[in-house]
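Worth saying up front: this structure is predicted, and the values here are computed from it rather than measured. Throughout, protein chains are lettered first and strands after them, A, B, ... in sequence-line order, and every chain is numbered starting at 1. Hydrogens, waters and symmetry mates play no part in the numbers below; they use all other heavy atoms, side chains included.
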2 protein chains.
Amino acid sequence: MTNSKSEVAYALVSERIVNGAYSPGYRLVLGTIAEELGCSVVPVREAIRRLEAEGLVHFTRNVGATVAQVDSTLYLHTMQTLAVIEPAATALAASAMDETWLAKAQALNDAMRQCLEDFDPVAFTELNNEFHQQLYSQCPNPHILDLVQRGWRRLAAMRASSFTHIPHRAKQSVEEHQHLLELIAAHASTKDIEEAARTHRTNTLNAYLAQANMAPSAI
Amino acid sequence: MTNSKSEVAYALVSERIVNGAYSPGYRLVLGTIAEELGCSVVPVREAIRRLEAEGLVHFTRNVGATVAQVDSTLYLHTMQTLAVIEPAATALAASAMDETWLAKAQALNDAMRQCLEDFDPVAFTELNNEFHQQLYSQCPNPHILDLVQRGWRRLAAMRASSFTHIPHRAKQSVEEHQHLLELIAAHASTKDIEEAARTHRTNTLNAYLAQANMAPSAI
DNA sequence: GCACACTAGATCGTATACGATTTGATGTAC
DNA sequence: GTACATCAAATCGTATACGATCTAGTGTGC
């Protein structure tokens, strides 16, 4: 057996939250999930607690777990956190990125540009995720890398990261990506890369906030 | 009962790791801890897994948990992460800090200056923790705040944060604190405060790295 | 009609029990 | 003496069982 049951349970619930099968507010009952998996509740408990630690589910003692509710505040906080961490990860990863990595990232951004013309927001969002992952995945600091990945997972679970909510950002986003790629290719300073990446993310966040009639983020 | 047993177990083990009773490499046996607490192993399991998620313990399947080993790399990674997160937390908290908070922080820094003259590194380290906590604790973003607190806990568990390892940094550290306080008092921009806080932390990290004959951190 | 006590069902929290896995020691072949 | 197989002890992983707690619905008094 390669995986323990608690890992299987974790993978199952996690996947369902991220892909939307369990939507926010959905009640996660230990017994039900255990039955579905054909195991007892103990491993399921452990999985749920792990998900709680990641912020994907909300847990109340003696009451149970629900998929974390999304409100504007949560989105703001998650994006703000990612705005701090991801640029750092990208900057740290930059020196480790060779021609091959850059070429892949460039190809992804080109594909995004194509999506713009085809009005395909779903594919655009998907490519956007891949593009960013391409940039930060080489980050040599495992803690930072882990935090970035958790942030993206949270966003995916909230399905608020989709560009369907802020369509006008898509075009500018592609251009900011291009700028970032050029900085990395030119071996710009860590600070410059981090700053460009943060500007990109802050712009997205503020575009969302402006649309929701909320004050822009301080970071 | 205000606390569940798993929470009690978590608090106990966590406290012992942080205060050094369980030193790095210490083998955490579920049954033994359960016996000591007068409960079964199930709540202890949950506590250990939570600690694993925080990076305080290392867990291997079917083998067990040990208190996380400290090596230079781990210290570097933890400090680097904190160097990214804490300045952001401080900058976000700055606008929420009123006169009272600033006065407390100033008092702590003054006390640190006194410790310098008394050659009391233990008290200095303690005050340093309190000073930083004073600065970031008002951070309005709970995710970021949580990450900062975890980072400090990790450092405490590693006991590498102590100024006994880099005594010459103490004096400069106090001055950098002072500069930071002045920026906050003058309502400097978020960016300036974040930058000053990051410089402070990067300096400490690099002082450690230089002493260990390692290359300085990119961030 | 409203507030409060009570009850039943659902669900969680934990203890106990036992099978599964790892580890280190012992023994055996070469 | 070394390498490998075997075995026993330690420890973890999970199932089951039962008590504790919460929630919602019902009933009673006012």
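Protein atom CD of A:Glu46 is 14 Å distant from nucleotide atom P of C:dT14, rounded to whole Å. For A:Lys5 and D:dC12, the NZ to C1' distance is 15 Å, given to the nearest whole Å. The separation between B:Ile33 atom CD1 and D:dC12 atom P is 9 Å, rounded to whole Å. One can place CZ of A:Arg61 at 13 Å from P of D:dA20, the figure rounded to the nearest angstrom. Rounded to a whole Å, the CZ atom of A:Arg45 is 14 Å from the P atom of D:dT14. Atom CG of A:Asn62 and atom P of D:dT21 are 7 Å apart (whole Å). Taking atom CD on A:Glu35 and atom P on D:dT16, their separation rounds to 12 Å, with Å as the unit. Rounded to whole Å, the distance from CG on B:Leu30 to P on C:dT16 is 16 Å.
Salt bridge annotation for B:Arg49-B:Glu54: absent, with no cationic side-chain nitrogen under 4.0 angstrom from a carboxylate oxygen.
Nucleic acid contact class of B:Leu28 (heavy atoms, under 4.0 Å, all strands): sugar-phosphate only.
In summary, of the residues considered (A:Arg169, A:Arg198, A:Arg201), a salt bridge (charged side-chain N to carboxylate O under 4.0 Å, His left out) with A:Glu176 occurs for A:Arg169 alone.
Taking CG from B:Asn109 and NZ from B:Lys104, the interatomic distance works out to 16.0 Å, rounded to the nearest 0.5 Å.
Among the nucleotides C:dA15, C:dT11, D:dA15, the one closest to any side-chain atom of A:Arg27 is C:dT11. Checking D:dG13, D:dT11, C:dA15 against the side-chain heavy atoms of B:Val29 singles out D:dT11 as nearest. The side chain of B:Val63 lies closest to C:dT23, out of C:dA15, C:dT23, D:dC12. Taking the side chain of B:Ser40 as heavy atoms from C-beta on, and the options C:dT16, C:dC12, D:dT14, the nearest nucleotide is C:dT16.
Side-chain atoms of B:Asn129 and B:Gln133 include no donor-acceptor pair closer than 3.5 Å.
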